[in-house]
Chemist: 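Please find one structure pasted underneath; my questions will follow.
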Amino acid sequence: MELNLKDLNPEQQEAVKATEGPVLILAGAGSGKTKVLTYRIAHILEQKLAAPEEILAVTFTNKAAAEMKQRIAKLLGDSVTLPWMGTFHSICVKILKRDGHHVGLGANFSIYDPSDQQDTVKEAMERLKLSVKEINPRAVHGHISTAKNELVKPADYANFANGYFQEIVASVYPVYQEILRENNAVDFDDLLMYTAELLQNHAQVREKYQRLFKYIMVDEYQDTNNAQYVLVNLLAKEYRNICCVGDDDQSIYAFRGANIRNILNFNRDYPDAKVVKLEQNYRSTQKILDAAHAVVSKNKNRTAKKLWTQKAGGDAITVFTAENERQEAEWVVSRIQQLEKSGVDLEEVAILYRTNAQSRGLEEACVRFGLAYRIVGGVRFYERKEIKDILAYLRVLYNPADDASLKRIINVPKRAIGPKAVVDLQAKAKLSGLSMIKLLLSGEDVSESKAIEKFAILLRELNASVQRLNIVELIGHIVEQTGYFEMLRDGTAENEARIENIKELISVAAKYEEAGPVTGLSMFLDEVSLLEEEVQNVEGGAVTMMTIHAAKGLEFEHVFLVGMEEGLFPHSRVFTDPTELEEERRLAYVAITRAKHNLYMLHADSRLYFGSRQNNLVSRFVGDIPENLRSHEGGYTKAAEWEAVDSFDDWKSAAEDRAVDLSPGDKVKHNYFGVGTVLGIKDDMVKINFGSAYGTKELALEFAPLEKI
DNA sequence: GTGCATTCCTTTTTT
DNA sequence: AGGAATGCAC
């Protein structure tokens, strides 16, 4: 098959043909980025510049990888062997399965999902006798995650720790890591950190992969974190054929460690880099692009650029002011039903929101009005209780060090094994130097508890079956033998749905049926832990609902952007930090540029939030859009005027004002530490005594959430 | 050891 | 408002 580059515009062709040396492709929203990447890979393969396994293509989501695979197959024919393609995390799993033993990782390691990770933090805190009530384990985990993304190891964290909270983290982090080790488990961040460590410290392994990957491509480079940055640049050292694609305006993952400077500094890292700018947009009308530009160009931290399109004109952006969130949802749904009547395909319609919590009201409205919908994200597949249970069973059988998974299912379904029996078993295991699972499997008389004995017999039987059953049979065997299905067969709709979910899991597992026993189990567990979302199949057309983050990379004819309110979007949590405000602005840019033809922005004068009513002002992002691009419905008055906090300089002077306000002896209230007394102020730091609970703290005036009382 | 009621805590975004 | 975690009665 002949690859036809005539399908591409001159810049796109340039990007495809520039195979050798470092290349940066600055690809604006809707500029055909995926097309360029797929053609580029196809081009390299077709020109026989490299074998498929010598190409590494990193994408941001599994979905993006799947789509790219499909499109390459379409270009070159189904028979083509595909390159290494996937997310950073999935590629790291692949590498660690092969070579992880160099960094002390057993081959059968478990991958803990976020809730397992949080449980592990809790356990670490319990071991340290830290109160889970006073210190939020989630926040602790957040800090550990950040550290790992910066490749800061447990032992080194203390050197960076600054302030009360980080000292706590410094004590928890090593214990957390130790527990993961005990269970032969890793968290998501470990996948990156261990792979980086592996490549940094083990020359043989490093050179193996450096020589293997002749061509490396990284999508969404603006959203890479430090660990990912180290990884790709290390891998690219041998051939230097590294091609990074991204758009600094679409960097929206700083909260999980993404560093926008990675893309901004590409030229510094590779002074000989070829830079290709894709600025022609094939997606949206000029009006939509103008609106998006009006919002994002207020950011200071960006490279100057402007998208253009041949689709001049277009409809104005409809802004609807609703009385409350219920009316907002109803307006969206009825407008979509009007569109449907006029022949619009529901697959071309999306409702986007800032937070997952907003989906509920919209979902209700869809049900009430009978509009077909699907939610992307929300409750993830692996977050469902029944799925977690089944996966825990599989992990126990796969990784006999994984006592955390054992604890999850040892009494599910109920088999009269309470917390006390578990603690006893744990103690015995510790004495014999085995994991609880291994002890149970050993067949020794481990407990006077009849219930435990019975469970041990069950476990041994399941363990034996791993060798002879393929993954589909194995799951079926587990749900029957353990009584899990029986527990769910009580006729309630809820449990019916659970059974359906497990069947769905089995159909996912069918992909690995042919790999045979053990291998299939291994492949299945590795992949399913990193699976980001459930794909809900809805018969016929349906509207798609999701967060703006989840919508990145997608496009729709009609986009409804709900909750355009100060406090929601931009979210109130970012008001204290101008860099985060810039990220919200980029998020708004991403949201607006999802629309091809029509964009609707909604806000409600009154909204139920946290159980209480709030009256939010219209989002500043609406106000940023020039009036001649908007058309209003409902009782719109005007957008919030928040310029004072929008600019870093002004905001700083506000902080300085506050500094002048405080003097020794003043009583202040801190969001976290409570009430305290100001002891003194030096430069931009303030020293406050918070009493016996937290002692004396030095806080940055600029950042501390302080209030004078 | 299990089941129920009450409290309390949450919500930013995700691999 | 809703879900998880805790505390209390069987």
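Given the structure is predicted, the values throughout are model-derived calculations rather than measurements. We name chains A, B, ... by the order of the sequence lines, and we start the count at 1 in each one.
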Chemist: For A/Leu568 and B/dT13, what is the distance between atoms CG and C1' respectively, to the nearest whole Å?
Modeler: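 Rounded to the whole Å, the gap is 13 Å.
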
Chemist: Not counting sequence neighbours, which residues clear salt bridge (Lys or Arg N to Asp or Glu O under 4.0 Å) with A/Glu584? List them please.
Modeler: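 If we apply the salt bridge (Lys or Arg N to Asp or Glu O under 4.0 Å) test to A/Glu584, skipping adjacent residues, the hits are A/Arg354.
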
Chemist: What residues, two or more places apart in sequence or in another chain, satisfy side chain to side chain contact (heavy atoms under 4.5 Å, CB included) together with A/Ala357?
Modeler: A/Thr355

Chemist: Just jot down the ring pair (Phe, Tyr, Trp, His ring centres under 6.0 Å) partners of A/Tyr600, sequence neighbours excluded, or say none.
Modeler: A/Phe560

Chemist: When you check the phosphate oxygens OP1 and OP2 of B/dT13, does a side-chain N or O of A/His549 lie under 4.0 Å from one of them?
Modeler: no

Chemist: Using a heavy-atom cut-off of 4.0 Å across all strands, would you classify A/Phe569 as base, sugar-phosphate, or nothing?
Modeler: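 It contacts nothing in the nucleic acid.
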
Chemist: What about A/His89, does its side chain sit under 3.5 Å from the base of B/dT15 through a donor-acceptor pair?
Modeler: yes

Chemist: Taking OP1 and OP2 of B/dT14, is either one under 4.0 Å from a side-chain nitrogen or oxygen of A/Thr547?
Modeler: yes

Chemist: What string of B, S and - do you get for nucleotides 1-10 of chain C 5' to 3' if you count protein non-hydrogen atoms under 4.0 Å?
Modeler: BS--S-----

Chemist: Flag the pair A/Lys388 and A/Asp116 as a salt bridge only when some basic side-chain nitrogen lies within less than 4.0 angstrom of an acidic carboxylate oxygen.
Modeler: yes

Chemist: For residues A/Tyr589 and A/Asn299, is any side-chain donor paired with an opposing acceptor at under 3.5 Å?
Modeler: no

Chemist: Extract the stems that DNA chain B is part of, considering only consecutive pairing runs of at least three Watson-Crick or G-U wobble pairs, both distances under 3.5 Å.
Modeler: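 Result, WC/G-U stems under 3.5 Å: B:1-10 with C:1-10.
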
Chemist: Is A/Glu580 touching bases, backbone alone, or none of the nucleic acid, heavy atoms closer than 4.0 Å?
Modeler: base

Chemist: List the residues meeting ring pair (Phe, Tyr, Trp, His ring centres under 6.0 Å) with A/Phe213, not counting sequence neighbours, and say none if there are none.
Modeler: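 Only A/Trp84 meet the ring pair (Phe, Tyr, Trp, His ring centres under 6.0 Å) criterion with A/Phe213.
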
Chemist: Expressed as a whole number of angstroms, how long is the span from A/Leu581:CG to B/dT12:P?
Modeler: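 Roughly 15 Å, once rounded to whole Å.
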
Chemist: Who passes side-chain hydrogen bond (donor to acceptor under 3.5 Å, both in side chains) against A/Ser522, sequence neighbours left out?
Modeler: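 Partners of A/Ser522 by the side-chain hydrogen bond (donor to acceptor under 3.5 Å, both in side chains) criterion, ordered by chain and then number, come out as A/Tyr398.
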
Chemist: Could you measure between the two C1' atoms, the one in C/dA5 and the one in B/dT12, and give it in whole Å?
Modeler: 23 Å

Chemist: List for me each residue that meets side-chain hydrogen bond (donor to acceptor under 3.5 Å, both in side chains) alongside A/Tyr173, sequence neighbours excluded, and say none if there are none.
Modeler: none

Chemist: For the pair made of CZ in A/Arg354 and C1' in B/dT12, what is the distance, rounded to whole Å?
Modeler: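 So the two atoms are 4 Å apart, to the nearest Å.
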
Chemist: If you measure from the Lys or Arg side-chain nitrogens to the Asp or Glu carboxylate oxygens, is any gap between A/Glu364 and A/Arg360 under 4.0 Å?
Modeler: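 Looking at A/Glu364 and A/Arg360, the cut-off is not met.
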
Chemist: The side chain of A/Pro114 lies closest to which of these nucleotides: B/dT12, B/dT14, B/dT15?
Modeler: B/dT15

Chemist: Tell me the interatomic distance from A/Glu220, atom CD, to B/dT14, atom P, rounded to whole angstroms.
Modeler: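 The distance from CD of A/Glu220 to P of B/dT14 comes to 14 Å, rounded to the nearest Å.
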
Chemist: Between atom CZ in A/Phe255 and atom C1' in B/dT13, what is the gap in whole Å?
Modeler: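 Spelled out: CZ on A/Phe255 to C1' on B/dT13 is 4 Å.
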
Chemist: Within less than 4.0 Å of OP1 or OP2 of B/dT14, is there a side-chain N or O belonging to A/Asn356?
Modeler: yes

Chemist: Nearest whole Å is fine: how far is B/dC9 C1' from A/Gln118 CD?
Modeler: 12 Å

Chemist: Taking N or O atoms only and anything under 3.5 Å, show me the protein contacts with nucleotides 1-4 of chain B, one pair per line.
Modeler:
residue : atom : partner  : partner atom : Å
B/dG1   : OP1  : A/Gly418 : N            : 2.9
B/dT2   : OP1  : A/Ala416 : N            : 3.1
B/dT2   : OP2  : A/Asn411 : ND2          : 3.1

Chemist: Checking A/Asn225 now: which residues fulfil side-chain hydrogen bond (donor to acceptor under 3.5 Å, both in side chains) with it, not counting sequence neighbours?
Modeler: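 By the side-chain hydrogen bond (donor to acceptor under 3.5 Å, both in side chains) rule, A/Asn225 matches no residue at all.
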
Chemist: Can you tell me, in whole Å, how much space there is between the P of C/dT6 and that of B/dT11?
Modeler: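 The same atom, P, in both gives a distance of 16 Å.
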
Chemist: If you count heavy atoms of other groups shown closer than 6.0 angstrom to NZ of A/Lys94, is the number above 12?
Modeler: yes

Chemist: Please identify each residue that fulfils side-chain hydrogen bond (donor to acceptor under 3.5 Å, both in side chains) with A/Ser110, with sequence neighbours left out.
Modeler: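 A/Asn399, A/Asp402.
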
Chemist: How would you list, by chain and number, every residue that makes a salt bridge (Lys or Arg N to Asp or Glu O under 4.0 Å) with A/Arg607, sequence neighbours excluded?
Modeler: A/Glu328, A/Glu565

Chemist: Over how many whole Å does the gap from A/Leu530 atom CG to B/dT14 atom C1' extend?
Modeler: 12 Å

Chemist: Nearest whole angstrom, please: distance from the C1' of B/dT14 to the NZ of A/Lys148.
Modeler: 16 Å

Chemist: NA contact type, A/Arg138, heavy-atom cut-off 4.0 Å: base, sugar-phosphate, or nothing?
Modeler: sugar-phosphate

